[in-house]
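Remember, it's 1-based here, ligands and their atoms both numbered in the order they're listed. Everything numeric here is computed off the predicted structure, so don't read it as measured data.
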Amino acid sequence: MRSRARSELAGMLKQVQLVARPATRRRYASSSTSVPISPRRTSYRYIALGTTVTVIGGVLYNSNLFRVVKLDSSSATQNKKSKTKEEKDGEEKEKAKAKEGEEEKDPKAKDISFKLQTNSVPGPNASQAAGRFISMDEVSTHNLAHDAWVVVDGKVYDVTHFHKHHPGGASIIVSNAGRDVTELFRPIHPPGTLETHLAPENFKGNIDPKQAAEANEAYAAEQSRIDQARNSLPAVETLLSLEELQQAAESFMSPRVKDYYGAAANDGYTMQDNRNSFRKCRLLPRVMRDVSSISPQTTLFGIRSALPIYVSPASNALLGHPEGELNITRGAARTGIIQGVSAASSFSLGDILDERDEMDKELEKDGTKMGMVYQVYVQTDREKTEAQVREAVSRGVQALILTVDTNVLGYRQSTEKIKGTTGDASPGVRMGPITDYPAYHDARQSWGDLPWLKKIANGVPIYLKGVCHIDDVRLAKEHQLAGCILSNHGGRQLDQARTGFDSLRSIHAEDPQLVNDVEIYVDGGVRRGTDVLQAVALGAKGVGLGRPFLWSQAAYGEKGVIRAIRILESEIVMGMRLLGVTKLDQVTPDMVECLQEVWR
Ligand code: HEM
Ligand code: HEM
Ligand SMILES: Cc1cc2nc3c(=O)[nH]c(=O)nc-3n(C[C@H](O)[C@H](O)[C@H](O)COP(=O)(O)O)c2cc1C
């Protein structure tokens, strides 16, 4: 704490009246075996009225993880040796948590943690490479699969051996070998990733400071462009539809993020159909009924909900806004709707649950609690799925959603283009650009896995997401699952798949009783209150929305989420009035008439 740099930092921290809390780690569940040990102990996040700075291994980053101040290495070491009171308190709490958690009971988990801990030597301090400057020209010669270097934040890493084990796929690293990948890397990796996953000898040295400064300037310029653009958006109250919220977000997002949120599989036919399928039905209002008092309340996933809508789990909210999923937690809690949390969230489940607990304190005075459901995939490494489910269940998540339409990632061509993915023109086994996709989601998953999942769910109801075929709804019923979400993942998986709403129409027409026996939800392309009412009329308990919440939080943070929900609320209430109903159970199949297409 004695060095000049440290006191500079202390000065800055005081200025923003900071409250310390443990650093946010992306997507690492606190009871998971993949918890990175070192960043936990060296990183702190400071929050004051929207100002977030992070100290990681002696470097101060702003909310966009842009480096603000680098502390000299002695103060960084000092920083590690003499911990602040908060750090000590934080550690005590972490230790206590770990003791309570499953991790301690599982000897294997302990081994893994230990291995990570002993491997985790921060790259910047690796002594053999410190002090050596490397030019970008030199880096650019290491651009092959068997000789791959990348630059992150002015530091050069040899990823020749690592890329084969990269959870995000080898090709993304190989296709970027020899380049500065900071901008690609930062938004999707939690602090400490490099230190935890790369061995000290993989750190090759620092980029020539002049070139590094130029790269940082470019990054800072982009961040400041985004901040300014966000600040000059029209007042959120003036936006009148979800489409306007989407336009606001897309007006300033980087092309990459805009693409990730908007991307669809192949030609995007299914994504377009999702929106259009609501146009194939018409509503039949009843007249001369007293509609002075309307209640759009209902129960979804066994939880009270202010509206028949919920936040469909979608990953990587942080790409759009520095507070990411936490914006959604706050917005959903404060309007009484349920948040579906993605297994691929930017923030860890623990962080999101902490935010939910904060919200619950706020809601206590009304005697209510926030509704939260957690979405999982069956991962090839079942222990990882188990750890996620156990954490969710132990912390009171009210339902689990098992997404079953993503046993392999859909082919989003626009995304591949932006990433610079190249294909393979050689004869043989390879079929396309994404065949090296690591087996993260288990392609062998089957109905036979349900007893295992039910056991760890410990009574928490399970819903299948990504169902299309009536026989799969029947199978879900046979397996005594709580329900099905008719969905095609926002058109991002199998292009030309039927839409969720069309599946509802078809299943309702063929076997209306089935829709009563199993709770049915729909998602995909829902953008208006009247879309919601059409689905409810045909027996859906509720509908999910994915992109609208990503866009609205990207543009306006929590306020955007609240605005999106308020827009939908007013559209639903007005729709109910005009339909001549006062409660959702009065919205019945006779109130909707659908175009009869013949598909077979
Ligand atoms: C330089 C060394 C790198 C290391 C040590 C590294 C490490 C990791 C790790 C540990 C994960 C899993 C994170 C998680 O579970 O949330 C991951 C995922 C990923 N990484 Fe990297 N990475 C590196 C470089 C890159 C680069 C250059 C890119 C280019 C964009 C990239 C793209 C991704 C993607 C797309 C994922 C998957 C994200 C998801 O599943 O949602 N990585 N990486
Ligand atoms: C070869 C490169 C890549 C591979 C193999 C890859 C792999 C994956 C996988 C496995 C998922 C599903 C993750 C999960 O559900 O946990 C995913 C989702 C996602 N990845 Fe990538 N990724 C790649 C590149 C990227 C890059 C460069 C970015 C952003 C900079 C990115 C952003 C995303 C986003 C936003 C999602 C969520 C989309 C969804 O679930 O529909 N990906 N990716
Ligand atoms: C960027 C993005 C990420 C998504 N990530 C997930 C995910 O992690 N898990 C999941 O079950 N569904 C995911 N989905 C699908 C949504 O839950 C939902 O099915 C879909 O977005 C609904 O369509 P809509 O965006 O038209 O509302 C994602 C969708 C988008 C657009």
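The aromatic rings of His166 and His189 sit parallel to each other, their planes meeting at less than 30°, with 60° as the upper class boundary. The aromatic rings of Phe301 and Tyr463 sit perpendicular, their planes meeting at an angle over 60°, well past the 30° parallel limit.
For ligand 3, the atoms lying closer than 4.0 Å to a non-hydrogen atom of Gly546 are 21 (O), 24 (P), 25 (O), 27 (O). Here is the list of ligand 3 atoms found below 4.0 Å of a heavy atom in Gly524: 22 (C), 23 (O), 26 (O). Every atom of ligand 3 with a heavy atom of Leu550 under 4.0 Å away is listed here by number and element: 1 (C), 2 (C). With ligand atoms numbered from 1 in the order given, ligand 3 contributes 10 (C), 11 (O) to contacts under 4.0 Å with heavy atoms of Thr403. Against a heavy-atom cut-off of under 4.0 Å, Leu545 is close to the following atoms of ligand 3: 27 (O). Atoms of ligand 3 lying under 4.0 Å from at least one heavy atom of Gln375, given by number and element, are 7 (C), 8 (O), 9 (N), 10 (C), 11 (O). Close approach of ligand 3 to Ser312 is summarised as follows: ligand atoms under 4.0 Å from at least one heavy atom of the residue are 16 (C), 17 (O), 18 (C), 19 (O). Taking every heavy atom of Ser342 and a limit of under 4.0 angstrom, the matching atoms of ligand 3 come to 7 (C), 8 (O).
Here the side chain of Asp405 pairs no donor or acceptor atom with the backbone of Lys465 at under 3.5 angstrom. Judged purely by atom type and a 3.5 angstrom limit, Arg390 has no side-chain atom pairing as donor or acceptor with the backbone of Ile456.
Between the side chains of Asp273 and Thr499, no donor-acceptor pair is found at a separation under 3.5 Å. Donor-acceptor pairing under 3.5 Å is lacking for the side chains of Thr530 and Glu571.
Listed by chain and number, the residues in a side chain to side chain contact (heavy atoms under 4.5 Å, CB included) with Asp531 are Arg275, Phe278, Val526, Arg527, Arg528 (sequence neighbours excluded). By the side chain to side chain contact (heavy atoms under 4.5 Å, CB included) test, Gln246 is found to be paired with Glu250, Trp551, residues two or more places apart in sequence or in another chain being considered.
More than 12 heavy atoms of other residues, nucleotides or ligands sit less than 6.0 Å from atom CZ of Arg225.
Any N or O atom pair closer than 3.5 Å counts here, and Pro313 shares at least one such pair with ligand 3. At under 3.5 Å, a nitrogen or oxygen of Tyr377, whether backbone or side chain, sits near a nitrogen or oxygen of ligand 3. Residue-to-ligand polar distances keep Tyr261 apart from ligand 3: every N/O pair is separated by 3.5 Å or more.
At a heavy-atom cutoff of 4.0 Å, ligand 3 is contacted by the side chain of Ser487 but not by its backbone. Only side-chain heavy atoms of Lys465 come within less than 4.0 Å of ligand 3; its backbone N, CA, C and O stay farther off. Contacts between Arg492 and ligand 3 below 4.0 angstrom, taking non-hydrogen atoms only, involve the side chain exclusively.
Taking CD1 of Ile172 as the start and CG of Leu184 as the end, the distance is 6.0 Å to the nearest 0.5 Å.
At least one heavy atom of Arg527 sits closer than 4.0 Å to an atom of ligand 3. Residue contact check for ligand 3: Asp523 places a non-hydrogen atom closer than 4.0 Å to it.
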